[in-house]
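Below: the structure, in structure tokens.
We use all heavy atoms of the structure for the numbers below, so side chains are in, but hydrogens, waters and symmetry mates are not. In what follows, every chain begins at residue 1, and chains take the letters A, B, ... in the order their sequences are listed.
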Protein chains: 2
Amino acid sequence: MKADVDAARRTAPDRVGVICQALRRAIIERALAPGDRLPEDALGERFGVSRTIARHALGQLGSEGLVELRRNRIAVVATPSWDEARDLFDVRAGLERLVVKRLAGRLTRAQVAELEEGIERERQAKGGPEPISIRLATEFHIRLAEMTGSPVLIRYVSEIAYRCCLTLALFSRPHSSDCAVSEHLEIVAALAGGDADRATALMDHHLDAVAGRALLSEATAKPRNIMDVLAPYALDAAPSKGGRGGR
Amino acid sequence: MKADVDAARRTAPDRVGVICQALRRAIIERALAPGDRLPEDALGERFGVSRTIARHALGQLGSEGLVELRRNRIAVVATPSWDEARDLFDVRAGLERLVVKRLAGRLTRAQVAELEEGIERERQAKGGPEPISIRLATEFHIRLAEMTGSPVLIRYVSEIAYRCCLTLALFSRPHSSDCAVSEHLEIVAALAGGDADRATALMDHHLDAVAGRALLSEATAKPRNIMDVLAPYALDAAPSKGGRGGR
DNA sequence: GGCGCCACGTTTGCATGCACTTTCGCCATG
DNA sequence: CATGGCGAAAGTGCATGCAAACGTGGCGCC
């Protein structure tokens, strides 16, 4: 019955999902940069699982476009070309238009509050480390998608948002997410006000602006020890050191 | 370089992909119906591979939403609910609008010919077995997406088109794809003529019509999920526990 | 006769092992 | 000094083995 379900949940760690999420986070916060190598066994060792699991996780991320898988070769964090980046942002704009269309005038007071709270966190993080800002900004868009209640939309927007982060890591200049806060606020205001046209226009402009800021120059990749970078992300996933990790 | 790539291709059977494609086709042609069980070892035996590969393929299809994976349980072909079906068609319309917007007025003569040739095949198959018609109609939409040259769009449209086939298998009445041929022709004509507005309108109408024919009402649906069938009967019999399982 | 429990077969979860491929350092050669 | 080939090391591709979990049939108990 209920207890059995709970027991099943407790004994169902879904380690593949945990690793995927950890890697996604690492990518979104730029701990992992495009081109970084992700060998199966190093990954497995880091997360305390066998290659089988690590391999599965890589397969998943590969199908999401975050990781490049080539046969007989080490998986690497995807390195989108400039064209792909433009394409990504373009499709993303289309998808997020769908999101705001569904949301305009339909947000509950609680949802608006939740969004504004998130934006407040963005504002507070503005002075702090850039990766956090990027993560928070991305989470805003994903939270928006989640509020549509459409599983497909949620999946696609999340996926493409992560991939866009990847392109930002490649092409953007340092202070590229400055105005995101006010733009996010405006979008929420338009949504709360039920002005669908204004909301879509704002969202379009917002993404255009992000893409414009992002796709101007080309940055240089900086090689380093990827597995060390992963350490903090492995902490709440690996069985080592009993450090319980919520989430 | 080119030679290396070719060599890699030759020695790269990519059996996971082969199995995925086979299953996708089986689903699209209704050889596999929602709820059908897909045990790993049966699959592996059928395709001459080990469970490892079959498992990988199932994971892939699971992330595409074609297969339902529950921990420690046999994978089954996905059984979308009526709400999910509506959502699917809605998002699909949005995506395909993006496709026609990109394509309007940009199709080469060869591409138009290719599309019309495909539609001709659809017309010829009209008298034949229904699964073939469905497959051809779906391939039209996928081919359209492919012509955008946008990998993301291609992936999303393909995926969602396959999933829509699944909902058709569940909810549609026998002769539901009759008018698809003429509607497809009109869309191609509008695209070739460069009339983006008309093309999007036609595509909207087309998908609306397909969804309408398919999803007429919840009442006409013929759900195969026995538990769902029983739900109304359980209402005055069961104590409470309206809890729909899963996910 | 109905109900609950247990034990068995089936199926998945995961790790490991082996074969094959790629990569890279090293040495011989021009 | 540059270069080309070779061999070891590293890494992936895949199958198989074992343990745990699920579902089911049978049995005993009420």
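Taking OG of B:Ser81 as the start and CZ of B:Arg86 as the end, the distance is 11.5 Å to the nearest 0.5 Å. Rounded to the nearest 0.5 Å, atoms CZ (A:Phe140) and CD (A:Glu114) are 11.0 Å apart.
If you take NE2 of B:His56 and P of D:dC14, they are 9 Å apart, rounded to a whole angstrom. In this structure, A:Glu68 places its CD atom 17 Å from C1' of D:dT12, rounding to the nearest Å.
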For B:Arg102 and A:Asp87, what are the C-alpha separation, side-chain angles and deciding distance, and is it a salt bridge (charged side-chain N to carboxylate O under 4.0 Å, His left out)? CA-CA 11 Å; B:Arg102 285 204 188 192; A:Asp87 181 37; 2.9 Å; yes

B:Leu38/B:Leu58 under side chain to side chain contact (heavy atoms under 4.5 Å, CB included): CA gap, chis, key distance, verdict: CA-CA 8 Å; B:Leu38 301 168; B:Leu58 286 173; 4.0 Å; yes

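Remark: B:Gln21 CD is packed, more than 12 non-hydrogen atoms of other residues, nucleotides or ligands lying under 6.0 Å away. For CZ of A:Arg121, the number of neighbouring non-hydrogen atoms (other residues, nucleotides, ligands) closer than 6.0 Å is greater than 12.
Between the side chain of A:Ser133 and the backbone N or O of A:Ala125, at least one donor-acceptor pair lies under 3.5 Å. Here the side chain of A:Glu68 pairs a donor or acceptor atom with the backbone of A:Thr79 at under 3.5 angstrom.
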Contact pattern, 5' to 3', of nucleotides 6-16 of chain C - B, S or - by protein heavy atom under 4.0 Å: -----SBBBBB

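Axis angle across the helix from C:dG1-D:dC30 to C:dG30-D:dC1, with five pairs used at each end and values rounded to 10°: 10°.
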